[in-house]
Amino acid sequence: MRQGCTGRFSQPPAPVLFLLIALTVLLSTAPVIGWRPWPHLKSNATDLQLGDNKKFEGSSEFVHLKYHMGPVLTANITVHTIWYGTWQPAQKKIIREFINSISAAGSKRPSVAGWWKTVQLYTDQTGANISRTVRLGSEKNDRFYSHGKTLTRLSIQSVIKSAVTARTRPLPISPQNGLYLLLTSDDVYVQDFCRQVCGFHYFTFPSIVGYTLPYAWIGNSAKLCPGVCAYPFAVPDFMPGLKPLKSPNGDVGVEGMISVIAHEIAELASNPLVNAWYAGQDPSFPVEIADLCEGIYGTGGGGSYTGQLLDDHDGATYNMNGIRRKFLVQWVWSHILNYCTGPNALDQ
């Protein structure tokens, strides 16, 4: 999301103007959509607009989310995973169970499956809804860091190419219903990680990969910036005195990834080719259904407040149940209700 202001300003000097133009050109050619870290230092404008309204959590008459006639994922969704770097079996189990929980309708409420119901409300131009079925597909381990421990946004696509063209057990190529998750371990740095993004999504270029495949990258921030990308289970330096919450699965880095994975899967399903559901006029910088609810996990959330959450018997904090585990997952925007919502909302 971008924030702007209005007012009268004098014409900037020529060198400054040149610099602004150069920056604009560079930003407008950004190849991917970024998920920005939360919490933000700037205040949430909805704090001032909505006052005591119980629909406070992100609701605004100024949000104009529109459908731009592109495809959404209406067929059963299969998530193919690339484990890049060093991953422990226990870490993989947490992430696998979260993905499997998206379609686990029998989970205790409030559930991850209940969260996905809001995503399902989005349709394509034929009126078909996003699929209720999200399942784990094939996996590829890249434990020897085939493209090094520092990746650019373009080299990420090369990692995906290596996974789908591998000589042994390549990932299947599924342009219509496949999503590709590239998950990097805590010793891998990705371009803009921790400074601007904790994860992002886009689609692969045929010139690099050979196919147009919707994908997302999410990094484990445990060593690099847990206070940015694993909040509230870790606390950033600019919030001294604030105690981190206890994570429900005992792994702060992976716990932070869960909400970002949810964020990116929701946006991949509703805007896989960056021409379907988003707000704003510029598809290079769209504001998507999870961007609108960054940092909101419960009723009353907004600004620097997560919203009302749930406490487990061991003191851990969560807001949704999976198949066997508990998770903390950010809410998403409902274009039907015109506000952020989740299965743990107190007024449901």
Which residue pairs pass the side-chain hydrogen bond (donor to acceptor under 3.5 Å, both in side chains) test with at least one member in residues 109-124, sequence neighbours excluded? Asp124-Thr126
Quick one: pull up [atom1] in [X] and [atom2] in [Y] and give me the separation to the nearest 0.5 Å.
X      : Y      : atom1 : atom2 : value
Thr152 : Gln191 : OG1   : CD    : 6.0 Å
Thr74  : Asn129 : OG1   : CG    : 9.0 Å
Asn141 : Arg169 : CG    : CZ    : 8.5 Å

State yes or no: are the ring centers of [X] and [Y] separated by less than 6.0 Å?
X      : Y      : result
Tyr215 : His201 : no
Trp217 : Phe193 : yes
His68  : Trp277 : no

Donor-acceptor pair, distance only, cut-off 3.5 Å: does the side chain of [X] make one with the backbone of [Y]?
X      : Y      : result
Trp331 : Tyr297 : yes
Ser131 : Thr133 : yes
Glu267 : Asp291 : yes
Ser103 : Val134 : yes
Tyr67  : Gly70  : yes
Asn271 : Asn275 : yes
Ser101 : Ile323 : yes
Gln330 : Ile296 : no
Asn319 : Gly298 : no
Asp314 : Ala316 : yes

Under the side chain to side chain donor-acceptor pair (under 3.5 Å) criterion, do Ser155 and Ser158 qualify, and how do the steps go? CA-CA 5 Å; Ser155 66; Ser158 297; over 6 Å; no
Pairwise side-chain contact, [X] with [Y], heavy-atom cut-off 4.5 Å (strictly under):
X      : Y      : result
Ile218 : Ile261 : yes
Trp87  : Asn220 : yes
Leu292 : Leu65  : yes
Asp312 : Thr317 : no
Leu121 : Ile130 : no
Ser162 : Val159 : no
Phe205 : Gln157 : yes
Asn344 : Tyr318 : no

Any chance you could lay out the side chain to side chain donor-acceptor pair (under 3.5 Å) test for Ser247 and Asn249, step after step, and finish with the verdict? CA-CA 6 Å; Ser247 66; Asn249 296 293; over 6 Å; no
What pairs of residues pass the salt bridge (Lys or Arg N to Asp or Glu O under 4.0 Å) test when at least one of them lies in residues 218-231, not counting sequence neighbours? Asp186-Lys223
With the 4.5 Å side-chain cut-off for hydrophobic clustering, are [X] and [Y] part of the same group?
X      : Y      : result
Leu346 : Leu310 : no
Tyr211 : Phe203 : yes
Leu224 : Val188 : yes
Leu273 : Val209 : yes
Tyr180 : Leu154 : yes

Any salt bridge between Lys246 and Asp311, counting N to O under 4.0 Å? no
Under 4.0 Å between a side-chain nitrogen and a carboxylate oxygen: does that hold for Glu139 and Lys92? no
Which is it for Leu136 and Thr81 under the side-chain contact (heavy atoms from CB on, under 4.5 Å) test, yes or no, and what are the steps along the way? CA-CA 8 Å; Leu136 272 174; Thr81 308; 4.2 Å; yes
If we check side-chain contact (heavy atoms from CB on, under 4.5 Å) with Leu179, which of these qualifies: Ile99, Leu73, Leu213? Leu73
Can you tell which of Leu183, Ile160, Ile156 makes a side-chain contact (heavy atoms from CB on, under 4.5 Å) with Ile82? Ile160
For side-chain contact (heavy atoms from CB on, under 4.5 Å), just list the numbers for Ile102 and Val119, CA-CA rounded to whole Å, side-chain angles, deciding distance to a tenth of an Å, and then say yes or no. CA-CA 11 Å; Ile102 294 175; Val119 181; over 6 Å; no
Step by step, work out the side chain to side chain donor-acceptor pair (under 3.5 Å) result for Thr86 and Tyr145. CA-CA 9 Å; Thr86 303; Tyr145 308 86; 2.8 Å; yes
Decide yes or no on side-chain contact (heavy atoms from CB on, under 4.5 Å) for Leu182 and Trp83, but give the supporting numbers first. CA-CA 6 Å; Leu182 174 58; Trp83 303 97; over 6 Å; no
Kindly confirm or rule out a cation-pi arrangement of Arg325 over Phe98, judged by NZ or CZ under 6.0 Å from the six-membered ring centre and within 45° of its axis? no
CA sep, side-chain torsions, deciding dist, call: Cys229, Cys194, disulfide (SG to SG under 2.5 Å): CA-CA 7 Å; Cys229 294; Cys194 298; 5.1 Å; no
Would you tell me whether His147 and Asp142 have side-chain atoms, one donor and one acceptor, within less than 3.5 Å of each other? no
Which is it for Cys293 and Tyr339 under the side-chain contact (heavy atoms from CB on, under 4.5 Å) test, yes or no, and what are the steps along the way? CA-CA 9 Å; Cys293 305; Tyr339 58 83; over 6 Å; no
